[in-house]
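Contents: one structure, followed by commentary.
Keep in mind that the numbers below use all heavy atoms, side chains included, and drop hydrogens, waters and symmetry copies. Chain letters run A, B, ... following the sequence lines, proteins first and then strands; every chain starts at 1.
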Amino acid sequence: MTGDLLIMTVFGSIGIAIFGLFFGLVYKGIDRKIVAHMQKRVGPPIRQPFLDVIKLMNKETVLPENAVGWMYSMAPLVCLASSIILLLYIPMGGLDQVFENGALLGGHGDIILVLYLLIIPSLAMVAGGFASGSPFATVGAQREMVTMMSYEFPLAVVIIAIVWKLSTAGGDVFSLSLIAGNPIWNSVGLLGLIGAFILLLALVIVTPGEVAKIPFDVAEAETEIAHGLLAEYSGRNLALFYLADGVKTFAMASLVIVLFFPYNISPVLEQYVALGDFTILVDFLFFLLKVFLVLLFSVTLVRAGMARLRITQVVSVYWITVTLIALFGLVLLMWDNQFDVGWF
Amino acid sequence: MKYEIPVGPIHPALKEPIMIKCTIEGERIVDVDVFCSQNHRGIEWIGMNRNNPVQSIYTAEKICGICNFCHPSCLVMAVEEIVGFEVPERAQYIRVIQGELERIHSHLLWAGVAAHELGFDSLLHYVWMVREKVMDILELVNGQRVPKDVLMYGGVRRDIKEEHIPKIREMLKYYAEGFDKIAKLFLQDKTIKMRTREIGILTKEDAMKLATAGPTTRASGVKKDVRQDMPYYAYPDFEVKAITPDMLTGETLGDTYDRIVVRLLEVKQSMEIIEQALDEMPGGEILAEPKVMKVINQIKKSEGEAIARHEAPRGEAIHYVKLKEGFEYLYAWKVRAPTYINILSWRPMLMDMQIADIPIVAASIDPCMSCTNRVTIVEDNRERVLTAEHLHRLSVQKTRRLMK
């Protein structure tokens, strides 16, 4: 039994890693293409991120003179590895029918673990930034830490609200498969529905901060601090960060889906056609579509339509505005339990 | 903990070589030092040693890629004053139109750059798409998009023909319709307002003390515009008024937002000037002396000195020219680009701001570094900074030499 699990973990991890890297880059390509079209540009082909990675892999990897060597080289690896590990725990549509508990390691971790794992790529980038020994990277690392502290709070509020709502049903409420199995929309009344919408809004605002995109990309602000954290990185190290960014974006979108849209399309389609063995494929494609929609609304459209904020503004947006929004959603969910307004 | 971050000479925010050394505490800027002259090109030397005065017009055009009309315009005005060329009236009007077309394209280019500095790339692409219209007109009138090559001592080389006028009017209509949209995008967008309102304030006192020029000074409420104060070319016919931000918003703060307002209003003003110029443009010759050799000989025979001023998109450009009888080149040629006088305003603007504000505040004066660099001192392969005392000593030595 233990041996089976070991083999499955090893080979499954490799499979999930390839899968995550591939789709991370595909979504990056789609994002760039859509933004280009919104700006009336032709834009790069969708395979461009793959070409970028290949090119970076062939470039020289420079180690700055006053960098802390081992930390500087370790950071990209840790960043990528922890991003991939995220995918081992988050259930994905279609694949949740393959694995026993929704994800490869579904039964072994819960949403608290995922929350911590989400921080590790950022922490690795901070470590790498401080280790680069460049003033720009140092400023970037400080900004990344501040951003991290800012968005963690509203994110935690959203997750606690959902988990708390589930706790009335009982069971291991922190387990991701339980959250995915009991979508929040199914168990709420009118007030709760509004509350859930507000929580979704808060999570959508947290997403660009979590994946460091405009308007919250202060840590990597190109025109301000010359890509900040990544200022000194080049060649293979930069490619690893680039890949990690793609994977983390994909994982974050998957998390949004688990929390709010864990529906599969196969039960609906089953009524019209017999899917048979194609169920997994259909659900998986539907999942990819959901990821695309989440990224479209939380990253691509926001990125194309806003300017970058200052770091103080990022903090006040997250700590005051978004946190208040999220807390209001939580309160609405609580009220929903207390006074059953029901459906008029 | 205080530490220094160098912005430049190579930095993604500044497309040209200049170094701003900022001492920062956390994210707050506590001290600013600017190091100019990272790219000396010796253009004045070429004008004084290698090119004849007619060639120098086109060398002057290469001082700046964007405002490539203001520098030759200054040179031509100065030489015309010394030699005494009578410029035909139609040529004066064409010069005004060229100058205002340049202002429109330069300000739109700047608006795009400012949007990019704020990380708002969609706006950058939109504004630059709109700018293509004026570039098309420049290409139509001058035969090329960027350099104009239109000036000549005693007039202009290319006429604005009858068939050009409907196209120019069409462009004016296009901008008149699109102006409100651009103004709304820049002035009412929440994130742009958050990033520019009360950022990089230059008070009226500081603007006067530092003698800043152009939109930078007008945004601080100083009503200074060469076209208004000392009209040249056909400008006396147009009654240009210096634009200050209170015309639109009702108040003058002197911040980055106000500098956006001033530039947008100036685009509108330029459109009105072109419109009027097209209506009132008289017929007749465009060049006083069509034979270039004759012009060169006339300049060679003249002696004297003159200063010419032109309101460039970035502010007042000044050229000093001295001619000596029998001397083949310009005997003396001193260029003062508007950025030179505006750079010092970075210090009061950036003090107590954040690192994030450096790009947009630096860009808000629309700097043009390579146009500005006139002097660089290299000794034994080492760059040297001249101090005030050193410069004073040199001046004393020079005065003594002259008194001998």
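The parts of Met194(B) that come within reach of chain A are both its backbone and its side chain, each placing non-hydrogen atoms under 4.5 angstrom from that chain. Of the atoms belonging to Ile24(B), it is side-chain heavy atoms, and not backbone ones, that fall under 4.5 Å from chain A. Residue contact with chain A, scored on non-hydrogen atoms closer than 4.5 Å, involves the side chain of Ile199(B) exclusively. With a 4.5 Å cut-off on non-hydrogen atoms, Tyr3(B) touches chain A through its side chain but not through its backbone.
In terms of heavy-atom pairs under 4.5 angstrom with chain B, the leader among Lys40(A), Gln142(A), Arg303(A), Arg143(A) is Arg143(A).
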Set out, in order, the CA-CA distance, both residues' side-chain angles and the distance that settles salt bridge (Lys or Arg N to Asp or Glu O under 4.0 Å) for Arg347(B) and Asp31(B), then state yes or no.
CA-CA 8 Å; Arg347(B) 197 182 142 88; Asp31(B) 196 13; 2.6 Å; yes
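Stacking of Lys133(B) on the aromatic ring of Tyr175(B) is not recorded, the 6.0 Å distance cut-off and the 45° axial limit not both being met.
Residues Tyr318(A) and Phe216(A) place their aromatic rings such that the two centres sit under 6.0 Å apart.
Checked by atom type and distance alone, the side chain of Trp346(B) never pairs as donor or acceptor with a backbone atom of Ile358(B) at under 3.5 Å.
A salt bridge is defined here as a Lys NZ or Arg NE, NH1 or NH2 lying under 4.0 Å from an Asp or Glu carboxylate O, and Asp245(A) with Lys28(A) meets this definition.
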